[in-house]
Amino acid sequence: IDVQVEGAEGAAGGVWFLYLWNYATSSYAVCCTDVDVVINNDGATPVVDFSRMDAVVQYTSGSSDSYIKYVDFTSESTPQPSDAWRVLSVNNDVIDPGVLNMGETLTVRIRLFPAVGIGTSNWLQLTTELGISASSFFTN
């Protein structure tokens, strides 16, 4: 398999996009959108095992196709797989390092393919193994 990469910088500067050729539609598709999510633990229940959390994303791609995806957890960061989410950090992680305790903030990155459409209204939900969930709308 040969891979040819052609890069271009966006007009804003410092913004890069990777386009993949889709032979089925004879068009380019932007590869992957990273959605960073910040979750505050306002409750008393700690989240211990992030790999047992579920992530669901409902979004519209740049081609106006709609998707509902159950996104898998990954610990791989370089490169992070498409349609997967990973932990970036636990902030204010004073007690029990690596555990999301009350008053701490978890930042995760969700990588989606095809990419989320610009200006589209989208939704995501993260749920712990105990059924505690947080959801939010987001716009790319």
Side-chain angles (χ1 to χ4, degrees):
I1 296 176
D2 292 326
V3 176
Q4 180 179 355
V5 177
E6 181 178 328
E9 186 171 350
V15 179
W16 287 83
F17 298 99
L18 175 62
Y19 291 86
L20 301 178
W21 182 255
N22 183 336
Y23 284 97
T25 63
S26 296
S27 62
Y28 282 101
V30 177
C31 175
C32 312
T33 298
D34 288 345
V35 178
D36 289 352
V37 181
V38 178
I39 301 124
N40 298 315
N41 186 347
D42 297 329
T45 305
V47 180
V48 178
D49 188 355
F50 301 121
S51 69
R52 297 184 60 111
M53 291 176 62
D54 292 323
V56 180
V57 182
Q58 180 178 7
Y59 74 99
T60 303
S61 71
S63 63
S64 299
D65 291 332
S66 294
Y67 297 91
I68 298 175
K69 292 187 176 184
Y70 293 89
V71 185
D72 293 326
F73 174 81
T74 185
S75 57
E76 296 178 43
S77 61
T78 52
Q80 179 175 334
S82 296
D83 298 331
W85 72 275
R86 69 181 175 98
V87 173
L88 291 179
S89 65
V90 179
N91 298 322
N92 302 322
D93 196 11
V94 183
I95 301 170
D96 302 324
V99 173
L100 182 63
N101 291 295
M102 180 173 56
E104 296 177 346
T105 303
L106 174 70
T107 304
V108 303
R109 174 163 292 154
I110 302 171
R111 177 161 292 166
L112 298 168
F113 180 77
V116 177
I118 295 173
T120 59
S121 181
N122 310 283
W123 175 84
L124 67 91
Q125 178 173 310
L126 289 170
T127 306
T128 69
E129 64 181 293
L130 298 175
I132 300 166
S133 66
S135 64
S136 180
F137 289 96
F138 68 95
T139 303
N140 183 21

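Reckoned from all heavy atoms, side chains included, excluding hydrogens, waters and symmetry mates. Here the structure is a predicted model, which is why all the values come from computation and not from measurement.
Of all non-hydrogen atoms in N101 and P46, the two that sit nearest each other are OD1-CB, 3.4 Å. Contact between L112 and D83 at its shortest, heavy atoms only, is CA-OD1, 3.7 Å. Heavy-atom minimum distance, V47 versus M53: CG1-SD, 3.8 Å. The heavy-atom pair separating P81 from R111 by the smallest distance is O-CB, 3.7 Å. Between V90 and V99, the closest heavy-atom pair is CG1-O, 4.0 Å. Contact detail for D49 and E129: the closest heavy-atom pair is CB-OE2, 4.2 Å.
In this structure, L130 places its CG atom where more than 12 heavy-atom neighbours from other residues, nucleotides or ligands lie under 6.0 Å away.
With hydrogens and angles ignored, the 3.5 Å screen pairs a side-chain donor or acceptor of T74 with a backbone N or O of E76. The backbone N or O of Y59 lies less than 3.5 Å from no partner atom in the side chain of K69, so there is not a single donor-acceptor pair.
Linking Ile, Leu, Val, Met, Phe, Trp and Tyr residues whenever their side-chain heavy atoms come within less than 4.5 Å places F137 and I68 in a single cluster. Follow the hydrophobic side-chain contacts under 4.5 Å out from V57 and you reach V87 in the same cluster. When hydrophobic clusters are built by joining Ile, Leu, Val, Met, Phe, Trp and Tyr residues whose side-chain heavy atoms come closer than 4.5 Å, directly or via intermediates, V56 is not grouped with V35.
For the atom pair W85 CH2 and F73 CZ, the distance stands at 5.5 Å (nearest 0.5 Å). With rounding to the nearest 0.5 angstrom, the CG atom of L100 is 10.0 Å from the OG1 atom of T107. With rounding to the nearest 0.5 angstrom, the CG atom of N122 is 6.5 Å from the OG1 atom of T139. In this structure, OH in Y67 is found 4.5 Å from OG in S61, a value given to the nearest 0.5 Å. If you take CG on D72 and CG on D54, they are separated by 9.5 Å, rounding to the nearest 0.5 Å. Remark: T60 OG1 to I118 CD1 distance equals 13.0 Å, nearest 0.5 Å.
Checked by atom type, the side-chain pair R86/Q80 shows a donor-acceptor distance below 3.5 Å.
Within the structure, salt bridge (charged side-chain N to carboxylate O under 4.0 Å, His left out) contacts touching residues 90-103 (residues at least two apart or in different chains) do not occur.
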